[in-house]
Participant: 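Provided herewith is a single structure, encoded as structure tokens, for subsequent inquiry.
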2 protein chains.
Amino acid sequence: MRTETVENYLKTIYNLSADNTAVVANQQLADKLDINPASVTEALRKLHELKYVIYEKSYGTRLTTAGVKMALNIVRRHRIWETYLVKELGFGWDEVHVIAEELEHVKNDKLINKLAEILGNPVFDPHGDPIPDAKGKIQKSNFIKLSEAKSKNNYKVMGVTDHSTAFLKYLDKHHLVIGAGVTIKTIEEYDNSIVLICQKKEVNISPKAAECIIVQTI
Amino acid sequence: MRTETVENYLKTIYNLSADNTAVVANQQLADKLDINPASVTEALRKLHELKYVIYEKSYGTRLTTAGVKMALNIVRRHRIWETYLVKELGFGWDEVHVIAEELEHVKNDKLINKLAEILGNPVFDPHGDPIPDAKGKIQKSNFIKLSEAKSKNNYKVMGVTDHSTAFLKYLDKHHLVIGAGVTIKTIEEYDNSIVLICQKKEVNISPKAAECIIVQTI
DNA sequence: ATTAATTTTTAGGCATACCAAAAATAATAA
DNA sequence: TTATTATTTTTGGTATGCCTAAAAATTAAT
Ligand SMILES: [Mn+2]
Ligand SMILES: [Mn+2]
Ligand SMILES: [Mn+2]
Ligand SMILES: [Mn+2]
């Protein structure tokens, strides 16, 4: 049974479980999927029976090898579609996520591989997230969150972890797009808000926003 | 409620009701959708309540204005995707129908219009079926079925009404692709099978196949 | 006009995927 | 450690969309 529901659960468990080491709580899933916790319990019991997850009652859930495999496949589809929508069809990075949420469920890997080929087998999507290859292999990176950046250093924006239209439009406004170079001017000790320079202009970044911007030292 | 199920019923009723004049029988729907007649009865009662169809018990069903509108929108999506898959992504005309059956349900008209624009707003899909424009307007044509063709006349292949891979591959084998010119050599009086010339080669067409090939006089 | 065949509808069920409310567990604070 | 809060699970329902078997209605054949 590989329903859209199953695909969405596995993808979400994958996304919530950093490095696939951490166990995912029911509550986290309920929040992300916008579903009642009672329904999550039910679903996890079924996914456990299907051998896609190891669900330990009242403790947490992690993916099995089969679960990871399917999750990677869906994540690949999602990110390839996002990239295609931006690069080939002219959509903005702030509008592709919702569309990809639907397109990712179209069951045809030849289609995905064709799109990937046209795109030159990209390794990162428009939000800087790594795209698994057809075999499920993912490019490793040494990116950090902007909230972990040090004063006076120079960085390049590599990605975001919040895919909401509101956040991405806010970034666009301040030219904080992928590839942009930024210099940390000051970090406010009191609340960790950051003042940085981007395109010669000062931008004030809240700690919350800094958590969602991924950068690399340059 | 615009579920995938509703979309599939409306699209199928539209496709079965030539010119939107004929009433569609439950049986026809059951056959096309590969669903039990009892389920069809149920579904039609609901669609009637939703005001998408006028369903007269034990008589037949036709689309309301709202129903036609939605059907045309789905048909447009389906045919635009088929065209895009063939023209831009290199798929064969025999493999795109099943993929489009899924893609047609992705709810984003900006996406469809973008694809249409890239394709130059095509008016016919890879099987010769007319593509409704964004407003639902359809190009009229004076095509006939090959089964209605007359001996000694010349025709151009304009489309097919059977979208199965088997049939399309059979046509490919005899070079009976869209745009191909054919001459009717003889029509067997006994069973109406046709012998035609295509690319200087004789091809024997069964009455069943002739029903599914659409041509235009040249 | 009957009979026979086909189609449609009704009736009773089943699986999936969700929910709200209450009970049980676990985590945190006092 | 006990009390409070938060999370998880159980229980009992709902809506959708499908099914089979049997009854009713329609259509076709004799
Ligand atoms: Mn999804
Ligand atoms: Mn992304
Ligand atoms: Mn469909
Ligand atoms: Mn077509």
Side-chain angles (χ1 to χ4, degrees), chain A residues 1-17 22-63 67 70-71 74 101-102 104-107, chain B residues 1-18 22-63 66-67 70-71 74 101-102 104-107:
Chain A
M1 240 116 285
R2 184 170 170 160
T3 64
E4 219 167 290
T5 305
V6 166
E7 290 192 342
N8 281 334
Y9 270 97
L10 296 185
K11 180 189 69 170
T12 307
I13 294 166
Y14 177 87
N15 285 333
L16 287 173
S17 169
V23 127
V24 176
N26 292 22
Q27 183 95 161
Q28 294 178 278
L29 284 166
D31 288 348
K32 274 277 179 201
L33 293 167
D34 199 22
I35 277 172
N36 190 292
S39 308
V40 172
T41 302
E42 259 188 327
L44 291 177
R45 214 181 309 124
K46 253 179 249 162
L47 290 174
H48 185 101
E49 267 168 37
L50 291 169
K51 302 247 167 81
Y52 288 133
V53 305
I54 293 156
Y55 155 63
E56 290 180 67
K57 208 165 135 174
S58 283
Y59 165 64
T61 303
R62 67 210 139 89
L63 296 170
M70 196 191 291
I74 302 153
E101 289 286 17
E102 292 190 62
E104 72 189 8
H105 300 292
V106 173
K107 278 148 204 56
Chain B
M1 240 117 288
R2 182 172 172 161
T3 62
E4 219 167 289
T5 306
V6 166
E7 290 190 341
N8 281 334
Y9 270 97
L10 296 184
K11 180 190 69 171
T12 308
I13 293 166
Y14 176 88
N15 285 333
L16 287 173
S17 169
V23 126
V24 175
N26 292 21
Q27 184 95 161
Q28 294 179 278
L29 283 167
D31 287 349
K32 274 277 177 200
L33 293 167
D34 199 22
I35 277 172
N36 191 289
S39 309
V40 172
T41 302
E42 258 188 327
L44 291 177
R45 215 182 308 123
K46 254 178 246 163
L47 289 174
H48 185 100
E49 268 167 37
L50 290 170
K51 303 244 166 80
Y52 288 133
V53 306
I54 293 155
Y55 156 63
E56 289 179 69
K57 211 165 132 172
S58 283
Y59 165 66
T61 303
R62 64 210 141 89
L63 295 170
M70 196 191 291
I74 302 153
E101 288 287 18
E102 292 189 61
E104 71 190 6
H105 300 294
V106 172
K107 279 147 204 59

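In what follows, chains carry the letters A, B, and so on, assigned in the order in which the sequence lines appear, proteins first and then strands, with residues in each chain numbered from 1. Computed from a predicted model, the values in this text were never measured in an experiment.
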Participant: dT16(C) C1' sits how many Å from N8(A) CG, rounded?
Facilitator: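 To the nearest whole Å, that distance equals 15 Å.
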
Participant: Tell me: CD of E42(A) to C1' of dA15(C), nearest whole Å?
Facilitator: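 Going from CD in E42(A) over to C1' in dA15(C) covers 12 Å.
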
Participant: Could you tell me whether the side chain of T12(B) and the main chain of N8(B) form a donor-acceptor pair under 3.5 Å?
Facilitator: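 Indeed, once roles are kept as given, a pair shorter than 3.5 Å links the two residues.
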
Participant: Relative to the 5' end of DNA chain D, which residue comes earlier, A43(B) or Q28(A), by the nucleotide with the nearest heavy atom?
Facilitator: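 That would be Q28(A).
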
Participant: Given atom CG of L29(A) and atom P of dA17(C), what is their separation to the nearest angstrom?
Facilitator: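 So the two atoms are 15 Å apart, to the nearest Å.
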
Participant: Scan T41(B) against the nucleic acid and name what it touches under 4.0 Å (heavy atoms): base, sugar-phosphate only, or nothing.
Facilitator: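 Here T41(B) touches the bases of the nucleic acid.
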
Participant: So, does Y55(A) get its side chain near the phosphate of dT9(D), meaning an N or O under 4.0 Å from OP1 or OP2?
Facilitator: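 Indeed, a polar side-chain atom of Y55(A) lies that close.
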
Participant: What's the CD1-C1' distance between I35(B) and dT7(C), to the nearest Å?
Facilitator: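 The distance from CD1 of I35(B) to C1' of dT7(C) comes to 17 Å, rounded to the nearest Å.
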
Participant: Looking at Q27(A), does any N or O in its side chain come under 4.0 Å of the phosphate oxygens OP1/OP2 on dA6(D)?
Facilitator: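 No, outside the criterion.
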
Participant: Within the structure shown, what part of the strands sits under 4.0 Å from N26(B) by heavy-atom distance: base, sugar-phosphate, or nothing?
Facilitator: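 The residue N26(B) makes sugar-phosphate contact but no base contact.
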
Participant: Find the distance K46(A):NZ to dT16(C):P and express it as a whole number of Å.
Facilitator: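 Spelled out: NZ on K46(A) to P on dT16(C) is 6 Å.
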
Participant: Using whole Å, report how far CD of E4(A) lies from P of dC18(C).
Facilitator: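 Interatomic distance, CD of E4(A) to P of dC18(C): 10 Å.
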
Participant: Closest heavy-atom contact between L10(B) and G67(B)?
Facilitator: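 Closest approach of L10(B) to G67(B): CD1-O, 4.3 Å.
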
Participant: According to a strict under-4.0 Å criterion, is S39(A) in side-chain N/O contact with OP1 or OP2 of dC19(C)?
Facilitator: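 True: S39(A) side-chain N/O within range (under 4.0 Å) of dC19(C) OP1/OP2.
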
Participant: For a quick test of reading the model: is some side-chain N or O of K57(B) closer than 4.0 Å to OP1 or OP2 of dT7(C)?
Facilitator: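 No, K57(B) has no side-chain N/O under 4.0 Å of OP1/OP2 on dT7(C).
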
Participant: Would you please confirm or rule out a distance under 4.0 Å between OP1 or OP2 of dA17(C) and any side-chain N or O of T3(A)?
Facilitator: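 For dA17(C), OP1 or OP2 has a side-chain N or O of T3(A) closer than 4.0 Å.
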
Participant: What are the two closest heavy atoms between N26(B) and V40(B), and how far apart are they?
Facilitator: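 Minimum heavy-atom separation between N26(B) and V40(B): O-CG1, 3.9 Å.
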
Participant: How many whole angstroms separate atom CG of N36(A) from atom P of dA22(C)?
Facilitator: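 It works out to 14 Å between those atoms.
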
Participant: Nearest-Å distance, CG (L50(A)) to P (dA15(C))?
Facilitator: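 Rounded to the whole Å, the gap is 15 Å.
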
Participant: Should R45(B) be listed as having a side-chain N or O under 4.0 Å from OP1 or OP2 of dT9(C)?
Facilitator: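 False: R45(B) side-chain N/O out of range (4.0 Å or more) of dT9(C) OP1/OP2.
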
Participant: Would you check if the side chain of K107(B) reaches a backbone N or O of H105(B) as a donor-acceptor pair within less than 3.5 Å?
Facilitator: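 Yes, because the side chain of K107(B) sits within donor-acceptor range (under 3.5 Å) of the backbone of H105(B).
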
Participant: Do any side-chain nitrogens or oxygens of T5(B) fall under 4.0 Å of OP1 or OP2 in dG17(D)?
Facilitator: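 Yes, T5(B) has a side-chain N/O under 4.0 Å of OP1/OP2 on dG17(D).
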
Participant: Shortest non-hydrogen contact from V24(A) to I13(A)?
Facilitator: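 What the structure gives for the nearest pair is CG2-O, 3.7 Å.
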
